[in-house]
Amino acid sequence: MRSNPIDGFRIDRDAISYVGHDLQRPECILAERDGSLWSADARGGVMQIRPDGTQSLITQAVAADFASKSSDEERFTAGTLPNGLAFAPNGDIVVSNFGTDRLELMTREGHTRVLVDRIDGQPIGKVNFVLRDSRGRYWITVSTRIQNWMKALRPDLADGYVALYEPDSGRLRIVADGFRFTNEIRFDATEEWLYVVETCGPCITRLRAAPDGTLSDRQTFGPKDHGAPIDGITFDAYGNLWGTHVMADRIFALTPEGELRILLDDAPAEASKRLMDAFYKGQATPELMLACGGTIAPWMASLTFFGNDLRQVAIGSLRGTRLPVFTAPVAGLPMAHWNDAVPNSR
């Protein structure tokens, strides 16, 4: 087997550049072949950042809730909060809205409709992320059924789940349950395994995926405890699984063998220790969480490979206002939308 391209690699913080400006809660980022980046935005939609650096906010109606909230806790738990994003085959944007607790479909002109907001007759819960597979289905994660998600960040609560939405039937069904704050999910290159972030595990679980969407053979991949909450994950073309330790503000990679490697550490050490000490006791508070966060991308949330060679990486965050970018030693694994025709954008 050829050598792993991340052997000996560390992210040089002095070589990090930035794209975008005045973003609000740029948690999730999508990339297109033309170089455009699409970032979730707390004003109720997405920010399109073009290769030339110009950008446009696309929303159904601009919501000022996020910036106008009186406290940081309220800012991150109330109002519309577009979180995970996926491209539909026609270029529309599927949005998992962490504030309105529903899966939405938004055109590139901002016209929005609700795809689904209930499951088995009950509210979905805190819908976090959405991932399109090669069959055109959408896998979504629900972090918790608790409305104030900050109160669900504890290791003894496992009310998160993964659900599968099939556009042809409009059906949403739970395919795996009992996760400790379900967050981002990714398929490997062959879609044989679905990898699930359990933010409060804090660990990554994987399940074998059958063609009909059935999941089985559940197992932990990598460390059973990362020592910090995990948020986003993404694969490179070699098979390494990259991810972020949110609030601790670290970027890591898991090799195909499950070996953990820290590639960047921007953690405020003392604040992170206080948070994790309280977390393991089930006593993490919004105040302890909000005291954490580095300087590069406060509350690192996601990683997106982009560019012609898919070797540029943009870092999404919950508290940043721009996207840090670094160069990886290996290309990212193309997502299901990568070969879609790019629609005309405004």
Side-chain angles (χ1 to χ4, degrees), residues 1-12 28-29 31 84 86 129 131-135 139 141 162 175-176 179-180 182-199 201-211 213-246 248 250-265 300-307 309-316 326-339:
M1 189 175 186
R2 61 189 175 93
S3 61
N4 194 325
I6 68 168
D7 287 345
F9 174 71
R10 294 273 294 185
I11 299 167
D12 180 0
C28 181
I29 308 159
F129 191 69
L131 177 71
R132 175 181 143 199
D133 68 14
S134 62
R135 294 176 172 85
W139 301 73
T141 64
V162 176
V175 289
F179 297 99
R180 290 165 292 178
T182 335
N183 212 305
E184 285 200 12
I185 50 177
R186 298 287 179 181
F187 278 108
D188 61 10
T190 60
E191 295 189 355
E192 178 183 2
W193 292 92
L194 180 70
Y195 290 73
V196 181
V197 168
E198 294 194 61
T199 294
C203 64
I204 294 171
T205 295
R206 70 176 185 176
L207 304 97
R208 192 181 300 275
T214 301
L215 299 177
S216 62
D217 197 13
R218 181 171 174 167
Q219 57 190 252
T220 300
F221 179 72
K224 295 184 182 298
D225 185 342
H226 278 237
I230 311 167
D231 196 320
I233 51 173
T234 191
F235 274 102
D236 67 29
Y238 181 84
N240 298 302
L241 184 63
W242 298 54
T244 61
H245 289 150
V246 64
R250 289 196 295 260
I251 293 175
F252 68 86
L254 293 174
T255 68
E257 298 75 33
E259 176 189 346
L260 175 67
R261 301 188 184 178
I262 302 299
L263 305 180
L264 176 68
D265 190 342
M300 289 182 184
S302 63
L303 300 170
T304 299
F305 286 89
F306 72 100
D309 59 1
L310 280 174
R311 286 188 55 194
Q312 301 302 300
V313 185
I315 307 171
F326 65 90
T327 301
V330 58
L333 180 68
M335 294 184 66
H337 70 262
W338 192 246
N339 292 316

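Throughout, numbering of the chain's residues begins at 1 and tracks the sequence. Side-chain atoms are counted along with the backbone in the values below, which use heavy atoms only and exclude waters and symmetry mates.
Put simply, the side chain of T255 gets close to the backbone of E259: a donor and an acceptor are under 3.5 Å apart. Panel note: side chain E198, backbone R180; a donor-acceptor pair is recorded below 3.5 Å. Looking only at distances, a side-chain donor or acceptor of R10 sits under 3.5 Å from a matching main-chain atom of I262. Listed for the R250 side chain is no donor-acceptor partner under 3.5 Å among the backbone atoms of H245. Panel note: side chain E191, backbone D133; no donor-acceptor pair is recorded below 3.5 Å. A donor-acceptor pair under 3.5 Å links the side-chain atoms of R311 to the main chain of A328, judged by distance alone. Under the 3.5 Å distance criterion, the side-chain polar atoms of T141 are matched with a main-chain donor or acceptor of F129. Judged by distance alone, the side chain of H226 and the main-chain N or O of T199 form no donor-acceptor pair under 3.5 Å.
Annotation: the span from N4 atom CG to E257 atom CD amounts to 7.5 Å, rounded to 0.5 Å. L194 contributes atom CG, which lies 12.0 Å from atom CD of E192 (distance to the nearest 0.5 angstrom). Interatomic distance, OG1 of T234 versus CG of L241, reported as 7.5 Å (0.5 Å rounding).
Residues D7 and R261 are paired through a salt bridge, judged by an N-O separation under 4.0 Å between the basic side chain and the carboxylate.
With contacts defined as side-chain heavy-atom distances shorter than 4.5 Å, the pair L303/I315 qualifies. Residues R208 and S216 form a side-chain contact, since some pair of their non-hydrogen atoms from C-beta on lies under 4.5 Å apart. Using a 4.5 Å heavy-atom threshold, the side chains of N183 and I230 count as separate. Using a 4.5 Å heavy-atom threshold, the side chains of W242 and L263 count as touching. Contact of the M335 side chain with the L131 side chain is registered, since non-hydrogen atoms from C-beta on lie closer than 4.5 Å. Under the 4.5 Å side-chain criterion, counting only non-hydrogen atoms from C-beta, M300 is in contact with L264. Taking the side chain as every heavy atom from C-beta outward, P334 and N339 never approach each other to under 4.5 Å. With a 4.5 Å cut-off on side-chain heavy atoms, Y238 and R2 count as touching.
Across every non-hydrogen atom of V175 and G213, the tightest pair is CG1-O, 3.6 Å. Pairing each heavy atom of P223 with each of C203, the nearest pair is O-CB, 3.8 Å. When all heavy atoms of A176 and L215 are compared, the closest pair comes out as CB-CD1, 3.9 Å. The two residues A314 and I29 come nearest to each other via the heavy atoms CB-CD1, 3.9 Å. Between T205 and L207, the shortest heavy-atom contact is CG2-CD1, 4.2 Å. The heavy-atom pair separating A336 from S134 by the smallest distance is CB-N, 4.4 Å.
Using modelled atom types and a 3.5 Å distance limit, the side chains of T327 and Q312 yield a donor-acceptor pair. In this model, no donor atom of one side chain and acceptor atom of the other lie less than 3.5 Å apart for D231 and T244.
With Y195 as reference, F235 is the one residue of F187, W139, F235 to meet the ring pair (Phe, Tyr, Trp, His ring centres under 6.0 Å) rule. Exactly one residue among I185, L254, V196, L260 makes a side-chain contact (heavy atoms from CB on, under 4.5 Å) with I204. That residue is L254.
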- Task: Begin from the C-alpha positions of I6 and D236 and carry the test side-chain contact (heavy atoms from CB on, under 4.5 Å) through to its verdict.
- Result: CA-CA 10 Å; I6 68 168; D236 67 29; 4.3 Å; yes
